[in-house]
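A short write-up of the structure that comes next.
Remember, it's a predicted structure, so these values are computed and weren't measured experimentally. In what follows, chains carry the letters A, B, and so on, assigned in the order in which the sequence lines appear, proteins first and then strands, with residues in each chain numbered from 1.
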There are 2 protein chains.
Amino acid sequence: MNIGEVANQAGVAPKTIRYYESVGLIPAATRRANGYRDYRTADLHTLRFIQRARALGFAVAEVEELLTLWRNKRRKSSAVKAMATAKIDEIDRKIAALQAMKRAIRYLTANCHGDTRPECPILDELAGGRA
Amino acid sequence: MNIGEVANQAGVAPKTIRYYESVGLIPAATRRANGYRDYRTADLHTLRFIQRARALGFAVAEVEELLTLWRNKRRKSSAVKAMATAKIDEIDRKIAALQAMKRAIRYLTANCHGDTRPECPILDELAGGRA
DNA sequence: CTTGACCTTCCAGTCACTGGAACCTTTATA
DNA sequence: TATAAAGGTTCCAGTGACTGGAAGGTCAAG
């Protein structure tokens, strides 16, 4: 399989695959006579695993850990679950931060007329508000 | 005021102030005889404005727009309100994405025993799941 | 024979800082 | 007075995870 083909099937960009190779997340692909990278089904599975883990918010370094766990037949499932729950906590913190921002902006906009006049409580609050 | 003093009062790092100057968000500060940057109360107000806007999730380029609007006495408050509501929408999209991740991870962890055994539905799903 | 779609490498840019080196100035203390 | 700590200065590099683009090689089709 060429890189474009495997990229398509895994749902990632060819450039991303080369990037993953460059940072050691995946081993260097074998090359054909013409220098093209050559992928096999196992590589596709790995890339799909990576794509899914990334989509769940795991950083590349964490995906590396997950891959190691995946390949380790003597792993403890508690290690995997710990990573998952830690990620949920991290996501919760991010959501909370975003919700706080949203609340603050909504509070500011509530009293803004949003018309052709210059008076604007949003700017007033940014300038000196207790917000 | 030295940079450390104004940084303290505005709630930003001295390095951040120099960075803002370097990217043109604030004008180059006047210098004292010894080469130190010298800030006045107006600069402090500007930096506080910037700090608050950044805390609300506005990018530096957006803060620049807000500053321009703030200084423009012939602005329309609708322009400010539009930026605020656009930012709320952006935050909403981020929250939704994070919540989707969280749901997916929680779904995966639900069936994981999290003990000393290797069997792990989280890895199973990442490997080939319909997740 | 050429066009277009692939592939290759390498460098630079994104965003908003932050760390660190190497150096100078001011202030406080022994 | 010496010196050390705390502050200031500049400049360069790194962060994360790609992405864009240049410059070039390869391959399949018309």
- Item | Integer-rounded Å distance: C:dC17 C1' and B:Ile50 CD1 | 14 Å

- Do B:Lys87 and B:Glu90 meet the salt-bridge criterion of a basic N to acidic O distance under 4.0 Å? yes

- Integer-rounded Å distance: C:dC15 P and B:Lys94 NZ: 12 Å

- Item | salt bridge (charged side-chain N to carboxylate O under 4.0 Å, His left out) partners for B:Lys102, two or more places apart | A:Asp92

- Item | Neighbour count >12 (heavy atoms, 6.0 Å) for atom CZ, B:Arg31 | yes

- Task: Kindly indicate whether the side chain of B:Arg52, heavy atoms from C-beta on, has any atom under 4.5 Å from the side chain of A:Glu125.
- Result: no

- Does the side chain of B:Thr41 come within less than 4.5 Å of B:Gln9's, by heavy atoms? no

- Note on the structure: Quick tally for nucleotides 7-19 of chain D: nucleotides whose base has a protein heavy atom under 4.0 Å get B, sugar-phosphate-only ones S, the rest -, giving BSBB------BBS

- Message: How many whole angstroms separate atom CD1 of A:Ile17 from atom C1' of C:dC7?
- Response: 13 Å

